[in-house]
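A quick write-up on the structure given underneath.
Every value quoted in this text rests on a predicted model; they were computed, and no experiment measured them.
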Amino acid sequence: MTDWILFIPELYTLAAVGVFFFLCLCRARPGRDYAAAMVLSAGGLVLTVCTAGFEGLVFEGVYQVDLYSQVFKALIYSGFFLTVCLCADLSGVDKARHSEFYLLLCLSTLAMMLLASSVHLLTIYISLEISSYSLYVLVYFRRGYPKGAEPAFQYFVFGAASSAVMLFGFALVYGAFGTAHMAELMGQVPARINEPLVFTGFVLSLSGFFFKLAVFPFHFWAPEAYEAAPHQVSAYIATASKVAAIAILVRMIAMTGGQGDRMAWVLIFLSVASMTAGNLAAMAQKDIKRLLAFSSVAHAGYVMIGILCANAMGYAGAVFYGLSLMVMKFTCFMVVVKAADGGRNIKTDALAGLHQRAPVLALALLLALFGLAGLPPTIGFTAKLLVFKAAMDQGLLWLVIIAMFNVVISLYYYLGVLKAAYFIAPAAQPRAIAVSLPFRLLALAMIVFMVAGGLYPRYMMALAGAMTAGLFP
Amino acid sequence: MQMHAAQFPFLSTILLICIFGLALVLVLPKNSNAAVKWVSAACSAATLALSVFLFAAYDRGAGGMQFVERLDWIPSMGISYLNGIDGFAAPMLLLTGIVFFTGVVSMWELDFRVKEFFALFILLVIGVYGMFMALDLFFIFVWFDVSLLPMYLLIVIWGSSAREYGAMKLTLYLLFGSAMILPGIIYLAAVSGLETFSLPALVENASFSGFEQKTAFLLFYIGFGILAGVWPFHSWSPTGHVAAPTAVSMLHAGVLMKIGAFGILRVGMFLCPEGWMYWSPMMAVLAVIGIVYGVMVGLRQTDLKFVIGYSSVSHMGIVGLGFATMTVDGINGAVFQMFAHGVMTALFFSAVGHIYDRTHTREIGELGGLSAVMPAASGYFVIAALAGIGVPCLASFWAELLVFIAAFRVYPALAMISVGVLVVNALFMLRVVRNTCFGPLNDRWAHLKDMRFAMGMPRAVLAAAIVGFGLMPFLMYDLIQTASVPLIHSLGQAVGFAGPESVETLFTELMSVWP
Amino acid sequence: MIKVAVILTGVLLLAAYLVLLERKLLGRFQARIGPNRAGIFGLLQPVSDGIKLLTKEDVIPQGAHRRIFLFAPAVVAATALLTFAVVPMGPDLHLGGRKIPMVVTDMNVGLLYVFAMASLSVYGVVLGGWASDSKYAMLGSIRGAAQMISYELALGLSIVPVVMLAGSLSLVDIVDAQAGRPFILVQPLAFVIFFLSAMAESKRIPFDLPEAEAELGSGYHTEYSGMRFGMFFLGEYVQMQVLGALTAVFFLGGWRGPFLPAPLWLLVKIVLVVTAMIWIRATLPRFRYDQLMGLGWKFLIPAALINIVITGFVMVGI
Amino acid sequence: MIVPYTHVMLLGAIVFLMGMICTLTRRNLIMIIVGLEIMLNAAAIVFVGAGLQFGQIEGQVMALFIVAVAAAEVSVGLAMVVCIYRQRNSIDPQCMKDSPCVPDPKETGELLPNA
Amino acid sequence: MVPVNHTYALSSWTPAVFSFLAFIFAVFLMLAVLMILTGFLGEKRVNENKLRPYESGIIPTGSVPLRYPVPFFLVAVFFLIFDVEGAFIFSWAVAVEALGVKAMVQMTFFIFVLLMGLVYIWFKGGLALKEGKDKRAERR
């Protein structure tokens with residue numbers, strides 16, 4: 001009999017989905033929807049954090065609850081919560097659709113939570129799809145966007161194609177081993193990973209996660225979708241969705257037990273290509289959200305470094321990287337949401353004079369951008385240190401050097417944003433950005449978190465290490 | 001490397017004072033410019049006092065690492081908060097203290113976004129202090145980057161000509177450097193297999209293969225060398241200096257470039273002696289090219305700041321040449337030169353900055369006869385110029401002397417070239433001094449007033465340091481000696497070094513008769 | 001082989017005479033006589049109809065998509081006919097020691113097969129209407145598609161209780177499960193839903209919006225003539241039979257019945273159901289489009305779903 | 001199992017490639033979705049084959065779920081296609097030409113079958 | 001998931017494949033014969049008016065490719081979702097007694113979700129199919 005206690009956070013989220021569903025059926029009242037979303041997401045966050053110690057198998061072994069999954073659930077939930085925090089001014093979305101917006105967001109969160117715990121190919125596939133579908137639709141929620149549904153459709157086509165490829169890979173893996181349980185696969189895969197069929201199956205099955213993470217050949221949706229989506233949705237895609245992708249990707253690679261040399265080479269290639277392509281493309285961007293999208297692509301490359309090392313530090317590094325990415329990307333989007341007028345897209349120049357209009361935000365942006373560039377003393381540096389150390393332990397000096405070159409390239413455009421925020425004088429009299437007290441506290445919390453993660457990451461790293469310890473057979 | 005336990009965490013106190021000052025500046029209300037300046041000045045004075053104290057209190061007889069502090073930071077990766085100073089670091093701390101204090105004071109007339117300026121400035125100094133005292137590779141890198149980051153904003157917001165270009169170029173260059181250092185650090189930590197980032201622990205316990213040392217040293221040399229203005233990577237330096245505001249130029253040329261050299265010394269030479277030996281001829285060649293190049297390009301400049309900027313390149317070349325000799329003398333000279341050049345350049349930029357503030361030009365051709373209206377200001381300028389030339393009885397004379405003594409033994413031809421070029425440079429500098437301070441007075445400047453005493457004070461401190469250490473070089477020399485001799489000794493043990501073994505040098509004898 | 005031939009011929013003959021039956025009955029409902037010239041009581045009327053259709057000109061309109069236009073009618077007819085492959089006509093025959101099942105093939109997924117065929121028949125309508133390059137035909141086919149897919153849902157869901165009771169998707173098993181009592185007694189709601197949606201599936205009045213003569217001039221087969229029109233026609237009447245047969249199999253106990261031989265019972269039941277349908281046709285006016293869809297989505301589907309839940313709870317014994 | 005697993009796999013691979021080619025080369029939105037569906041079905045074929053090979057029900061369960069998920073996918077995709085189609089008709093086609101995603105109707109024929 | 005030993009459950013249906021094929025063949029043969037016959041027997045007298053599409057007797061106007069009304073697409077989409085979910089219900093229905101109460105509860109939840117979906121599209125006007133008076137169409 002299923003131990004339902006282990007499943008409580010998911011059940012809670014499901015109930016939250018139900019609440020939003022009923023709100024959808026009622027008359028649209030954005031204020032009420034926002035309040036409900038805040039309360040429910042905060043409650044869920046508390047609940048997931050409280051259940052972080054749970055362990056066990058649910059649903060005949062297809063659903064594994066352990067520290068790894070629970071912490072990831074907490075992370076995903078914080079992504080959701082933070083995104084909801086940005087929704088006070090949800091002017092990018094039609095008023096009548098606010099409750100649906102939260103519904104889909106919540107649904108996507110639920111699916112990602114399921115994803116974090118999935119240890120069966122079927123559950124992985126289903127939860128991945130559910131989370132993606134919600135996002136496809138959310139991307140189209142933007143009010144009055146001139147390109148309409150096209151970016152959403154593009155996102156959809158890429159997502160569906162890569163998940164189909166992934167599914168085919170799953171089929172090959174299942175066909176080779178006769179089991180779809182990760183626990184059973186883990187015992188058998190390392191020995192046979194170099195068989196052509198198994199190898200092909202694995203590479204194909206990773207594509208779905210690469211898509212979520214926006215790794216190089218699967219990244220073309222990112223700029224369009226980020227640009228077209230409401231800011232909050234972009235923030236959600238950049239934070240929670242990435243974290244979930246990292247969670248499952250690490251689980252999948254851990255299944256190979258670090259035995260596949262060819263696999264490692266594929267991953268290295270993707271990692272390098274992803275970093276380089278993302279950074280070079282980002283340099284040409286004027287729109288902040290596009291820029292952040294390409295930087296996401298680049299960061300996917302860095303995360304991959306940690307994952308491809310397939311050692312304890314690499315996994316811990318990837319996990320830590322996910323955490324840091326969430327904080328930093330969220331901070332950037334926080335600024336974008338606040339700086340954007342009425343939910344419009346903004347160019348980099350629109351940040352002009354930010355240091356006067358909202359000093360706290362400007363400081364947060366500064367740290368977030370430095371963090372994204374991987375400079376100390378921010379959390380982004382610690383994350384890079386971890387993945388690079390892991391790569392060095394595998395003897396991949398040159399990979400680290402390439403990555404560091406990319407860091408310098410990325411710095412070019414991050415500094416461009418920073419210059420706009422701190423240096424360029426705004427054309428007109430700058431309109432002060434009203435930053436409410438809770439929001440200011442949120443920004444301060446982000447600042448503290450980023451600096452603390454850079455200067456004193458001891459406990460976070462220990463947590464990441466403890467989480468990934470269970471991934472080894 | 002010996003280590004002595006500390007009684008009181010003096011080093012962390014310096015950092016804490018700065019951090020406290022930074023926090024205070026940040027929480028002060030927006031328009032309290034005077035308060036911000038006073039807080040910064042107090043903070044800088046306190047750290048200056050502490051660094052003077054450390055400089056004096058360093059036990060020259062015992063040597064080794066003193067004032068060591070240690071705190072486990074990230075045990076899982078073997079990272080600890082480990083501070084300590086030796087004979088190399090103590091002069092650098094003193095230098096930082098001096099330049100910090102004088103920099104704050106020379107920006108006293110700033111009235112544009114004051115709070116932000118001083119906040120960033122203090123942040124920069126925190127990084128510099130931290131870098132000089134850190135003994136853990138992780139923290140070395142962290143402080144290194146902390147000191148680089150505010151630079152971009154400092155130049156972009158408060159800079160002068162071509163500031164955007166200059167700032168972007170500078171930042172990208174320097175971060176490119178840090179992009180070489182980080183892999184190097186992690187590489188060494190990984191191949192050592194010791195799970196530690198502690199520099200002393202690595203020096204003691206790790207045995208790196210020749211290849212590893214060569215690779216890592218190259219990474220460090222390029223990475224830190226960019227900041228040190230080593231020749232092919234120097235080009236950020238003149239543009240950056242020119243673009244930066246006065247205090248930043250001072251700190252930058254005075255201290256930051258030393259961070260680069262210090263990094264090569266601390267990380268590269270301590271950890272990879274074999275790599276050092278392998279690459280030393282290249283270092284020497286590049287250093288000499290730097291010297292020659294700096295001088296030659298400097299000759300063609302008409303902007304005073306460019307003149308100083310390029311002379312910095314050549315002066316840092318002297319440091320590099322000193323390192324490349326692999327002798328006690330050479331290292332003594334190089335470290336001494338780091339100190340001397342820091343103080344001298346700071347004075348130079350400070351004086352030029354003052355002149356620029358008044359005249360709004362730095363073109364040599366437009367200036368002239370300033371000594372008539374601004375005797376004090378041009379006096380400092382002249383002192384700085386003379387120090388730059390290496391006139392005896394000024395600090396840099398001893399430094400250059402030491403380096404060239406060592407260089408003549410190891411690389412006679414290169415030393416010959418550099419000395420020749422420096423003579424040319426001296427003539428040129430004298431001409432610059434004449435064109436700016438003496439000769440016919442340009443009527444446009446006739447109404448200018450000389451600097452007040454309070455404004456002159458920082459320059460006075462710097463000038464005093466130049467002259468003081470020029471007259472009493474042994475104060476510095478004894479200190480550096482405590483670190484350089486063990487380093488060369490350990491080099492002998494580590495790689496079977498059989499180069500010029502002159503521990504008892506000509507200069508030591510010279511020193512004994514000097515006072 | 002003989003079995004196949006017999007069933008096929010039987011179905012075709014029955015279809016032909018159902019036309020006659022309908023015309024006769026409609027005549028009676030409307031107080032007229034109906035066809036009575038060809039043979040006694042007009043018994044040869046179907047034959048003459050067939051000959052007429054075969055010799056009519058086969059017009060292909062100008063803008064038509066030729067290939068699709070030509071084949072669409074065959075789809076309708078074929079899918080309707082093929083459905084009979086799984087309808088059991090009676091109990092197994094034992095001839096000379098050999099067991100001969102009275103069904104073309106006893107698929108274990110027979111029910112799904114039936115639905116598959118029903119779904120496929122939509123293609124005939126849609127393609128036929130689309131390929132005609134005519135506005136009426138186009139409108140008819142659009143309506144047809146929407147209506148048929150809507151009601152297919154209700155159709156499928158209404159059968160689920162039957163499947164639950166029988167525990168199998170095979171039509172033979174379903175008939176066997178009704179040995180005691182026909183399912184209409186235990187599942188009256190399912191029967192009603194099934195019957196309504198099946199009528200909509202076969203586009204019978206009052207659900208004949210795809211062809212609605214009055215507004216669309218025959219809808220999707222406006223442009224068809226000759227035997228191709230005949231095939232649509234044939235398909236429709238075979239579908240009526242299918243509907244009768246399925247109603248019989250699912251709810252009326254299939255071929256089971258006292259006294260008479262099994263296939264005859266089935267025939268009787270089919271004719272009964274068809275007569276009921278004709279009766280309805282003669283009585284009720286046509287639905288409006290939104291009413292039609294509303295009935296399907298807002299009433300039949302929820303009712304079918306709830307029926308499933310109730311049946312389930314009764315069965316597992318709560 | 002009469003048909004060897006390798007043959008099933010080969011069939012799956014061929015179908016998969018067909019779907020992929022359809023998705024990649026067609027410039028008709030509907031056909032792209034069709035291609036996606038074909039890819040999914042190829043995976044389902046391989047799953048069923050593999051399940052038969054090992055005598056497990058898992059393969060079929062997978063196939064069932066794939067069918068369901070595919071339906072959801074088509075729904076989302078079709079809804080978006082409808083939106084795009086409506087926008088194209090309501091907005092001047094000239095300004096839509098700039099966007100890379102939507103094919104030019106003159107070049108590629110109809111966007112939707114006869115619609 | 002339990003391995004299935006009863007291979008019949010996994011193999012495709014085998015009984016009476018032959019007679020089924022024969023039936024299919026017979027049906028197709030008959031239709032083919034009819035189609036060919038109608039081609040031979042029918043008279044061929046083509047004229048322009050006959051080839052024109054029927055439009056209540058007038059010369060056709062406008063182009064045939066009409067815009068598909070959006071409600072039809074919506075219906076198609078709804079159908080897709082609900083119909084396929086039917087697959088789960090069927091697979092459960094076959095074995096309802098064997099699966100017992102637990103599966104019944106799960107299926108009830110499933111059907112509940114389905115009904116909620118129906119309620120949603122109902123409330124949101126997805127089922128307001130009255131042509132020309134589509135609320136959603138007006139709102140856009």
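- Only the backbone of C:L70 comes within less than 4.5 Å of a heavy atom of chain E; no side-chain atom from C-beta onward does.
- Heavy atoms closer than 4.5 Å to chain C are found in both the backbone and the side chain of E:L34.
- C:L81 contributes atom CG, which lies 12.0 Å from atom CD1 of E:I24 (distance to the nearest 0.5 angstrom).
- Within the 4.5 angstrom heavy-atom criterion, no atom of E:M107 approaches chain C.
- Contact of E:F28 with chain C is made through the side chain alone, with heavy-atom distances under 4.5 Å.
- Taking chain E as the reference chain and counting heavy-atom pairs below 4.5 Å, the highest number among C:I301, C:I149, C:I308 is found for C:I149.
- Of all non-hydrogen atoms in C:A78 and E:V27, the two that sit nearest each other are CA-CG1, 4.1 Å.
- Within the model, atoms CD1 of C:I159 and CD1 of E:I89 stand 13.5 Å from one another, a figure rounded to the nearest 0.5 Å.
- The minimum heavy-atom distance linking E:V75 with C:A146 is given by the pair CG1-O, 4.0 Å.
- Across all non-hydrogen atoms, the minimal contact from C:L305 to E:L114 is CD2-CD1, 4.3 Å.
- Here CD of C:E152 is found 15.0 Å from CZ of E:F82. Values are rounded to the nearest 0.5 Å.
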Query raised in the report: Please walk me through it: do C:R228 and E:M35 pass side-chain contact (heavy atoms from CB on, under 4.5 Å)?
Result: CA-CA 7 Å; C:R228 292 188 204 283; E:M35 300 240 285; 3.2 Å; yes
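- Residues that satisfy the side chain to side chain donor-acceptor pair (under 3.5 Å) test with E:E85, not counting sequence neighbours, are absent from this structure.
- In this structure, C:L111 and E:F90 have side chains that are in contact, with non-hydrogen atoms separated by less than 4.5 Å.
- Interface remark: C:I7 contributes side-chain atoms only to the contact with chain E (heavy atom separation under 4.5 Å).
- Closest non-hydrogen pair, E:F23 versus C:F84, comes out as CZ-CB, 4.2 Å.
- If you measure heavy-atom distances from E:A95 to chain C, you find no contacts under 4.5 Å at all.
- Under the side-chain contact (heavy atoms from CB on, under 4.5 Å) criterion, C:V309 pairs with C:F313, E:M104, E:T108, E:I111, sequence neighbours left out.
- Ranked by heavy-atom pairs under 4.5 Å with chain C, the list E:V119, E:L118, E:I121 is led by E:L118.
- For the pair C:V160 and E:A93, the tightest heavy-atom approach, listed with the atom from each and the gap, is CG1-CB, 3.6 Å.
- More than 12 heavy atoms of other residues, nucleotides or ligands lie within 6.0 Å of CZ in E:F110, so this atom counts as buried by the packing criterion.
- Residues E:L31 and C:M231 meet the side-chain proximity criterion, which asks for heavy atoms closer than 4.5 Å.
- Using a 4.5 Å cut-off between heavy atoms, C:Y113 touches chain E through its side chain atoms alone.
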